[in-house]
Amino acid sequence: MTLHTAIVKADEDKISSEKAKEFIISEKNGAETIFVGRVRNENSGKKVTAVTYDVHDQAVIKSFQTICNDAKIKFDKSSSIFLEHTKGYVPVGEISILIAVSSGHRDEAFKICRYILEEIKHKSPIWKKEHYTEGNEQWLPGHSLRPKEEIK
Amino acid sequence: MEVKLKLYGSSKMLSDKEILNIELPNNSNIETLRVALSKIISKKYLKNNLQNLSKTAAFFSETDEVVNDNYKLKNKELISIIPPIGGG
């Protein structure tokens with residue numbers, strides 16, 4: 001098995017980079033890249049305490065699998081990919097997404113990791129609500145999945 | 001007829017529940033649903049920055065596929081509203 005995708009409920013489990021490293025290791029693949037996204041403490045001048053991630057579970061898993069399989073076809077069919085995204089309330093400093101890739105060579109490993117991250121931002125139905133030190137909160141704007149020509 | 005709108009992201013400001021039931025004329029499609037949603041927002045939720053939601057949202061059928069504005073809705077059908085996304 002060379003592909004693992006999952007949504008991790010923040011109140012039940014944590015995303016583990018050790019688990020990711022174990023999954024992608026392969027004697028065929030000499031290059032590994034790992035991208036870790038964490039909740040940061042500031043956004044647009046506002047002090048952030050946490051982010052709540054809302055996820056359309058089935059559609060997200062479907063999109064993750066499509067994106068990862070596309071990446072394999074595009075860059076390296078022998079690559080191994082581990083992709084997990086969190087769901088729920090995530091305090092500052094904790095992991096929200098982890099992408100780990102092993103590939104035959106470094107260029108493909110970097111490219112696959114970057115490709116997956118950018119595609120997720122444009123295709124996977126995930127939303128962020130930021131929580132601020134003042135006690136207020138806000139859903140962040142995003143990328144519409146409605147075709148542009150339909151938006152009047 | 002009635003559709004069950006499953007709420008995600010910013011659309012969760014429209015209700016404390018996960019699903020919002022919306023009454024629509026018989027033989028409605030997604031375009032009709034957008035109009036109904038726009039009316040709901042303009043009555044009660046303008047201050048929540050939801051003005052553009054009815055225009056910018058996509059909608060998923062029960063098979064998790066995007067449906068276009070001509071998609072004919074069935075009575076009691078479960079439709080997911082997909083506000084602009086921004087994960088990762």
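Note on naming: letters A, B, ... go to the chains in the order of the sequence lines (proteins, then strands), and numbering restarts at 1 for each one.
- No continuous path of ILVMFWY side-chain contacts below 4.5 Å connects A:Met1 to A:Ile81, so the two sit in separate hydrophobic clusters.
- Note on B:Ile22 and B:Val67: same hydrophobic cluster, where clusters join Ile, Leu, Val, Met, Phe, Trp and Tyr whose side-chain heavy atoms are under 4.5 Å apart, directly or indirectly.
- A:Leu83 and A:Leu98 fall into different hydrophobic clusters, where Ile, Leu, Val, Met, Phe, Trp and Tyr residues are linked whenever their side-chain heavy atoms come under 4.5 Å apart, directly or through other members.
- Open room surrounds CD on B:Glu18; 12 or fewer heavy atoms of other groups in view lie less than 6.0 Å from it.
- For the atom pair CD (A:Glu150) and CZ (B:Arg34), the distance works out to 6.5 Å, reported to the nearest 0.5 Å.
- Annotation for B:Ile19: atom CD1 counts as buried by contact number, over 12 foreign heavy atoms lying within 6.0 Å.
- The local environment of NE2 in A:His105 is sparse, with at most 12 non-hydrogen atoms from other residues, nucleotides or ligands closer than 6.0 Å.
- A single hydrophobic cluster is not seen to contain both A:Ile24 and A:Ile97; linkage of ILVMFWY side chains at heavy-atom distances under 4.5 Å, directly or through other members, places them apart.
- Between A:Ser144 and B:Pro84, the closest heavy-atom pair is N-CB, 3.8 Å.
- Proximity to chain A is limited to the side chain of B:Lys12, based on heavy atoms less than 4.5 angstrom apart.
- Contact residues of residues 108-140 of chain A toward chain B are A:Ile120, A:Lys121, A:His122, A:Lys123, A:Ser124, A:Pro125, A:Ile126, A:Trp127, A:Lys128, A:Trp139 (heavy-atom distance under 4.5 Å).
- Proximity to chain A (any heavy atom under 4.5 Å) is shown, for B:Phe59, by neither the backbone nor the side chain.
- At a heavy-atom separation below 4.5 angstrom, chain B is approached by A:Tyr53, A:Asp54, A:Val55, A:His56, A:Gln58, A:Ala59, A:Lys62 within residues 52-63 of chain A.
- When heavy atoms are compared at a cutoff of 4.5 Å, B:Ser80 approaches chain A solely by way of its side chain, counted from C-beta outward.
- If you chain together hydrophobic residues whose side chains sit under 4.5 Å apart, A:Ile7 and A:Ile99 fall into the same group.
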